[in-house]
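Please read the structure below before turning to the comments.
A, B, ... follow the sequence lines: proteins, then strands. Residue 1 opens every chain.
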Amino acid sequence: MEANKIIPDPAQVREELIQKYPAKVAKKRAKSIVINDPEIIPEVQANVRTVPGIITQRGCSYAGCKGVVLGPTRDIVNIVHGPIGCSFYAWLTRRNQTKPETLMDANYIPYCFSTDMQEENIVFGGEKKLKVAIQEAYDLFHPKSIAIFSTCPVGLIGDDVHAASREMKEKFGDCNVFGFSCEGYRGVSQSAGHHIANNGVFKHMVGRDNTPSEGKFKLNLLGEYNIGGDAFEIERIFEKVGITLVASFSGNSTVRAIENSHTADLNVILCHRSINYMGDMMETKYGIPWMKVNFVGAESTAKSLRKIAEYFGDDELKARVEAVIAEETPKVKAVIEEILPRTKGKTAMLFVGGSRAHHYQDLFAELGMTTVAAGYEFAHRDDYEGRDVLPKIKVDADSKNIEELKIVADPELYNPRKTDAELDALKEKGLEINGYEGMMKQMTKKSLVVDDLSHYESEKLIEIYKPDIFCAGIKEKYVVQKMGIPLKQLHSYDYGGPYTGFEGAVNFYKDIDRMVNNPVWKLIKAPWETAGNGKGAGLEASYVTQ
Amino acid sequence: MLLRHTSKEVKVREGLTINPAKTCQPIGAMYAALGIHGCLPHSHGSQGCCSYHRSTLTRHYKEPVMAATSSFTEGASVFGGQANLLAAIDTIFAVYDPDIIAVHSTCLSETIGDDLQQITRKARDDGKIPEGKYVIYASTPSFIGSHVTGYSNMVAGMATQFAESTGAKKNQFNIIAGWMEPSDMREIKRLAKVMGINIVLFPDTSDVLDAPQTGKHVFYPKGGTTVAELKSSGDSLASLALGSISAEPAAIALEKKCKVPFETLDIPIGLTATDRFIMAISKVAGVNVPDEITEERGRLVDVMCDMEQYLHGKRVALFGDPDQLLPLTEFLLDLNMKPVHIVSGTPGQRFEKQMRQLLDERSPETNFKSGLQADMFLLHQWMKNDPVDLLIGNTYGKYMARDEDIPFIRFGFPILDRIGHSYFPNVGYGGSLRLLEKILNAIMDRQDRDALEEKFELVM
């Protein structure tokens, strides 16, 4: 789709973005700002330290571990070991919706648990208080699982959350207690926390319940956190086509489902960045292949459903998938046909997350809009350039500090769902089995790709490109809107959604149409500001004469 | 039920806090620093702290909240954060060009022992702070106090690090704002103007966190106390500190440094706290209270008289921050309502004593707890045992209000799901009237909702 405005020369834009920086900073930032070429994908510097003082979008390891990956599972009591703030800020702010089956089922998501460490706990150690807190949580709620999250001071003072967890788990006998060393200073962004969370969930949860799961086509949904009800829409579609969802990691999920997830026959990955480790580890230990899919966008949803049917290789499933697509598509088509004339040719920028900046480009394409610049907040090179680049990524000191679990095939439970030859054949058919092509292959030539965009760069980009919509998060929302450009939050969806599947696509079309065409953007200037404020003296009105 | 695991039975807890009625110091320091003109707050710690604080303040104000971070990694945590802070100062002055960087510490930088005074001195010695620019700091470890004391520490830091005494007194008074909204600060300035006194108000987030839509993002909005005003605060005739926890430490610092005498008052929420505020101004400045203010007061008392039947005996649960809870509780008592349960996560003997004194005199049966484990979980349990007619507190209260089906008024920090607090004050007679209107609406809407058809009233 051609943009209806002239796109500036990206090389010049790049120069302008780094001009104001001190020389060392400019040199570093230049490597994270690249001009795309989908044929010969250039190297993007990613997953490296943010320059102090730069005003970054990024958060911390704890946010990635507790906030993103563990937070959405409703029946774990998540205790944050640290001063009060860390638990407070992650309390209900990510909009992970969840729907317990009955009124009696556990749901701790509306609760916030903390050890509220005080100075004496920092000086004399906080392990004792942590164990008291775990005991109190157990006595009050009798949960199936209690997870402990370390905040910055915990690692520094040497509290051993793992030993404390083990001790309490043994003491209780009927409650799985486990800890995460996800101190905020680990790694360079939330991404370190995702990896730490993957390791912990894999070690302490996956494989604990060997009850064979029922269903003919069984899969796990990885990297879907049910923000705004995204998982609900995917669940609706799966049910309609006859796919059994064994476990979701971790939107609308339960402990039991995750513990039983190794009985599924396929892992489909949505957010590659936050959960790809789980896919790899489950493949190695249990023989379950993973496949990259995308349920953001109506066409992407249809494509992903077809890929899943192709993987299972069942004609009946394929037919059902086609029937559901045929049933759902007309409703989507009707809406987009009405909206398209108003959105076609407009431009978008997406700077968010570790996969959303990629996935949402599909929805904008469906709206006839061009993505002129995009980048991630905490992704790695493979999310930009594709997994082929993995062997070439240098492991730096910050990444080395994150544990890589040594996984081997389980002597009893390893069961390769497909032979290598079968997997190769599926890859031939275009299925991204154990693979991901990355964002840049999909973006147009000469579009701009910027990793870990700074505040300064974002204002510059808006000034230069004047996009019709900018997608980022809450910290950027009102800055961009003050500039007269609507900002769509792609972490919280501005409290809307879902945006996945067919119904989600319709929601997104309507929201973007509403935002880019809202009359308020034309009401910003007061009439006297455009009329020369007081310069023309005298009244212009006169009596109406017939 | 959203809070389905909250049982009626109250058990003493010593390790676990559930649903806290407070957050950590650094966010308060960040909020206070936004009340200085041309200031960029800086969080000396991990990126997550800065990101969380900015996000929470942004959700509360629906405004840009600019702040930078030292972006600690594991290396900085082991070897100290000095290099990160010095690099940050370089980057910030080059790229964002503030007049002032206001650095606050975090649990991380405090645990490893970073000394902000020493690092900022080094920055000055190394020539990293351009001529006419400033770097100020406050120590705000998250494992002490709460967001309220973090605010207080940064405000005290403004006094210690800016105030100068030239020897010549100026005809002006300092009003040190306790934690209040931009709308409240604007109202304090209006009241001072009507009273006819010159004031330096600090901090002052009006015209910063309620900035107009102009089509342009102004990185340093026009509001905020200026450096010149902060410097001159040392020459003021006296200081009025609004809030014993969030404002008094700055007044003490000013007295120590520049011998400016002070009086500590409650934040003027409600009738009698506003009376004390107006009386204090009248007394300290030797000015008559103009009719305009007497009339404002009269309008508030008029509504209190006219609507007393809907207020009398209504049972209220409230949670929040000490400097707001004290005058609010007093206001509820003046309205003939019953504050039944009160919690605040902010620890401190001063508040404990003040609140106890107020309650002992006027409502001895009230449940009150502050400090550790004084959380919303406890408050909810109390409410289950002794039900109330109204809940007042920050947005997190909506979960309890929904489960218990009781009217709820948003008051305090943070308010994440409604607007208004930035624009319409709760202080002064006018602000109190707005608060009273909200209370009445909540109670009367409920009466309408619950009324039997034959008892449904047209006139109320």
Practice item. May I ask you to decide whether A:D105 forms a salt bridge with B:R4, counting only side-chain N to carboxylate O separations under 4.0 Å? Key: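 B:R4 and A:D105: not salt-bridged.
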
Review point. Can you say whether the rings of B:Y52 and A:Y89 are parallel (under 30°), tilted (30 to 60°) or perpendicular (over 60°)?
Key: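 Aromatic pair B:Y52/A:Y89 classed parallel.
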
Side chain of [X], backbone of [Y]: donor and acceptor closer than 3.5 Å?
| X | Y | answer |
| --- | --- | --- |
| B:E74 | A:Y185 | no |
| B:Y96 | A:I54 | yes |
| A:Y111 | B:L3 | yes |
| A:D116 | B:T17 | no |

**Study point:** Among A:K475, A:Q190, A:E377, side chain to side chain donor-acceptor pair (under 3.5 Å) partner for B:S51
**Key:**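 One option only clears the test, and that one is A:K475.
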
Review point. Do the ring centers of B:H147 and A:F88 come within less than 6.0 Å of each other?
Key: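 No.
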
Proximity breakdown for [X] and chain A, heavy-atom pairs closer than 4.5 Å:
| X | answer |
| --- | --- |
| B:P414 | side chain |
| B:L40 | side chain |
| B:A67 | backbone |
| B:F377 | side chain |

Point to revise | B:L16 and A:V132, any side-chain heavy atoms less than 4.5 Å apart | key: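 Of all side-chain heavy-atom pairs linking B:L16 with A:V132, none is under 4.5 Å.
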
**Study point:** Proximity breakdown for A:I79 and chain B, heavy-atom pairs closer than 4.5 Å
**Key:**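 Looking at A:I79, just its side chain touches chain B.
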
Point to revise | Pair B:Q47, A:T56: side-chain N/O donor-acceptor within cut-off below 3.5 Å | key: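 A:T56 and B:Q47 do not have a side-chain donor-acceptor pair below 3.5 Å.
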
Check your understanding: Side chains of B:T58 and A:K477: is there a donor and an acceptor less than 3.5 Å apart?
Key ->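 A:K477 and B:T58 do not have a side-chain donor-acceptor pair below 3.5 Å.
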
If you compare all heavy atoms of [X] against all heavy atoms of [Y], which two are closest, and at what distance to 0.1 Å?
| X | Y | answer |
| --- | --- | --- |
| B:S77 | A:L156 | O-CD2, 3.9 Å |
| B:H5 | A:F141 | O-CE2, 3.4 Å |
| A:K525 | B:T214 | NZ-O, 3.1 Å |
| B:Q213 | A:K482 | OE1-O, 2.9 Å |

